[in-house]
Amino acid sequence: RLIELIAVQAPDAEEFTVEANPGQIDADLLAALRQTGVNRLSIGAQSFIESEVRFLGRGHNVYHTTRAVEDACAAGFENINLDLIFAIPNSTMSSWKKSLAAALTHDVQHISAYALTLEGGTALQSAIAVGEIVSIDEETDRQMYEIAIDMLAQAGYRHYEISNFAKPDFECRHNQRYWANEPFIGIGPSAASFYHGRRTTNIADVRAYVDGVNTGSPMLVDAQVPGEIQIACETAVLNLRRMEGIDIAQFRDRTGYDIMELFANEIENHRQAGMLEVADGHIRLKRQAFAVADRVLSDFSTV
């Protein structure tokens with residue numbers, strides 16, 4: 001019912017994505033979503049190794065993921081993403097290659113590959129902190145990422161953002177807006193927005209959010225209007241996540257700043273270190289910088 005209501009409000013949506021956990025969807029639901037106008041499905045596979053899926057506690061197994069992809073194709077979806085996670089404790093280079101190879105057998109249009117992120121306050125983070133579970137070392141993490149880049153390229157996927165790979169013309173449209181630092185609207189508890197020059201975050205509590213909708217009460221826990229310099233920094237950081245990097249002329253048009261002047265020292269330092277290249281009117285990360293991108297990007301977060 002929710003999707004039907006959204007479809008009425010956005011009848012000409014070029015990309016209409018629904019994210020799904022493999023254990024919570026079935027053929028009937030997928031057929032209904034497709035008939036309603038959803039044209040892209042993102043499936044949280046995480047891994048194609050049973051022991052790793054159990055370790056992550058995702059509530060599904062590899063069979064559920066395989067069935068979800070098959071049912072999605074049968075429902076008429078021609079734009080499917082699989083989310084994969086690497087550097088899972090107890091995983092190996094061999095298990096990661098097997099997981100990638102299994103994902104590739106489904107021949108989906110898009111694959112996202114992320115290193116496992118440890119969230120503070122979680123049981124996993126606590127277990128690692130006290131030594132009950134050993135996290136993957138940095139070198140293995142990097143090698144897993146490099147393997148993903150190579151295997152996905154060989155399978156015909158274009159590496160267009162640090163963690164994202166797509167068959168030609170199947171790049172994720174809504175994520176590209178975020179990396180371009182363009183406006184977007186977030187609706188619902190915890191949702192963030194960047195609209196009319198203001199960044200906002202909604203309250204996380206579902207009941208309080210619904211009450212706010214019904215009563216017209218404020219539902220924001222954070223709201224700010226970033227200044228010109230802040231927007232320029234945000235744009236630089238987000239643009240550098242893309243393989244195309246920062247379009248120097250476009251950056252000047254959008255922010256009013258010449259990035260070669262604004263970040264002259266940072267650009268030169270990272271060029272000398274072999275992390276950045278400036279060519280064809282763009283500033284881009286070099287391949288050796290991908291695995292440590294956060295360290296490079298942090299230098300562009302402030303002036």
Side-chain angles (χ1 to χ4, degrees), residues 2-22 24-25 29-30 32-46 68-69 72-73 75-85 103 108-115 117 152 157-202 204 209 219-220 222 226 231 234-247 250-251 254-255 285 293 297:
L2 173 64
I3 297 301
E4 288 174 348
L5 289 168
I6 293 172
V8 170
Q9 298 297 322
D12 300 317
E14 296 179 6
E15 180 183 271
F16 195 159
T17 303
V18 165
E19 296 189 1
N21 293 319
Q24 297 177 316
I25 51 178
L29 175 60
L30 290 170
L33 291 175
R34 186 68 191 93
Q35 290 168 10
T36 306
V38 177
N39 58 18
R40 184 174 185 273
L41 190 69
S42 182
I43 300 173
Q46 318 309 353
V69 175
C73 291
F77 282 95
E78 298 177 341
N79 191 355
I80 299 171
N81 169 65
L82 288 175
D83 278 343
L84 298 177
I85 294 178
V108 295
Q109 291 73 34
H110 192 285
I111 291 178
S112 299
Y114 305 99
T117 300
L152 291 169
Y157 292 83
R158 186 174 80 88
H159 189 192
Y160 72 100
E161 190 271 344
I162 290 172
S163 301
N164 288 274
F165 307 79
K167 294 287 185 68
D169 300 322
F170 284 98
E171 294 81 2
C172 178
R173 301 286 292 274
H174 73 267
N175 280 338
Q176 286 181 311
R177 290 193 67 85
Y178 307 146
W179 301 320
N181 205 20
E182 295 177 351
F184 62 91
I185 299 172
I187 300 170
S190 295
S193 300
F194 179 36
Y195 193 57
H196 288 168
R198 192 167 73 135
R199 291 196 180 278
T200 59
T201 304
N202 294 340
Y209 181 86
M219 296 177 292
L220 303 179
D222 184 49
I231 289 177
E234 292 172 350
T235 301
V237 170
L238 292 167
N239 284 185
L240 279 173
R241 291 192 60 88
R242 309 176 303 188
M243 295 303 103
E244 67 183 86
I246 300 168
D247 183 314
Q250 186 181 79
F251 185 92
R254 289 188 174 183
T255 69
L285 294 179
L297 300 188

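Looking at residues two or more places apart in sequence or on another chain, you find a ring pair (Phe, Tyr, Trp, His ring centres under 6.0 Å) between His110 and Tyr160. Legend: residues meeting ring pair (Phe, Tyr, Trp, His ring centres under 6.0 Å) with Tyr178, ordered by chain and number and at least two apart, are His174, Phe184.
Looking at Thr201, its side chain never comes within 3.5 Å of a backbone N or O of Ala192 through a donor-acceptor pair. Of the possible donor and acceptor atoms, one in the side chain of Asn202 sits under 3.5 Å from a partner among the backbone N and O of Gly188. One N or O on the side chain of Asn39 and one on the backbone of Glu14 form a donor-acceptor pair closer than 3.5 Å.
Atom-to-atom distance recorded for Leu285:CG and Arg242:CZ is 11.5 Å, nearest 0.5 angstrom. The CD1 atom of Ile162 lies 5.5 Å from the CG atom of Leu297; values are rounded to the nearest 0.5 Å. Atom CG of Leu152 and atom CG of Asn164 lie 10.5 Å apart (nearest 0.5 Å). Ile111 CD1 to Lys167 NZ: the interatomic distance, rounded to the nearest 0.5 Å, is 8.0 Å. Interatomic distance, Gln176 CD to Glu171 CD, rounded to the nearest 0.5 Å: 6.0 Å. Here the CH2 atom belonging to Trp179 is positioned 15.5 Å from the OG1 atom belonging to Thr235, to the nearest 0.5 angstrom.
Annotation: side chain of Leu33 is in contact with side chain of Phe77 (closest heavy-atom distance under 4.5 Å). Here the side chains of Asn81 and Ile43 are not in contact, with every heavy-atom distance at 4.5 Å or above. Arg173 places none of its side-chain heavy atoms less than 4.5 Å from the side chain of Asn79. Side chains of Tyr157 and Val108 form a contact here, defined as non-hydrogen atoms less than 4.5 Å apart. In this structure the side chain of Phe16 never reaches within 4.5 angstrom of the side chain of Thr36, judged on heavy atoms. Using a 4.5 Å cut-off on side-chain heavy atoms (C-beta onward), Ser112 and Glu161 make no contact.
Within a 6.0 Å radius of CG in Asp169, no more than 12 heavy atoms belonging to other residues, nucleotides or ligands are found. Within 6.0 Å of CD on Glu15 lie more than 12 heavy atoms contributed by other residues, nucleotides or ligands.
Across all their heavy atoms, Gly44 and Pro22 have their closest contact at O-CD, 3.4 Å. Minimum interatomic distance between Arg34 and Ala75 (heavy atoms only, all atoms of both residues): CG-O, 3.2 Å. For Ile80 against Cys73, the heavy-atom pair with the smallest separation is CD1-SG, 3.8 Å.
Contacts classified as salt bridge (charged side-chain N to carboxylate O under 4.0 Å, His left out) and involving residues 176-187 (residues at least two apart or in different chains) are given here: Arg177-Glu182, Glu182-Arg254.
Look at Arg199 and Glu234 and you find a salt bridge, because one of the NZ, NE, NH1 or NH2 atoms lies within 4.0 Å of a carboxylate O, short of that distance.
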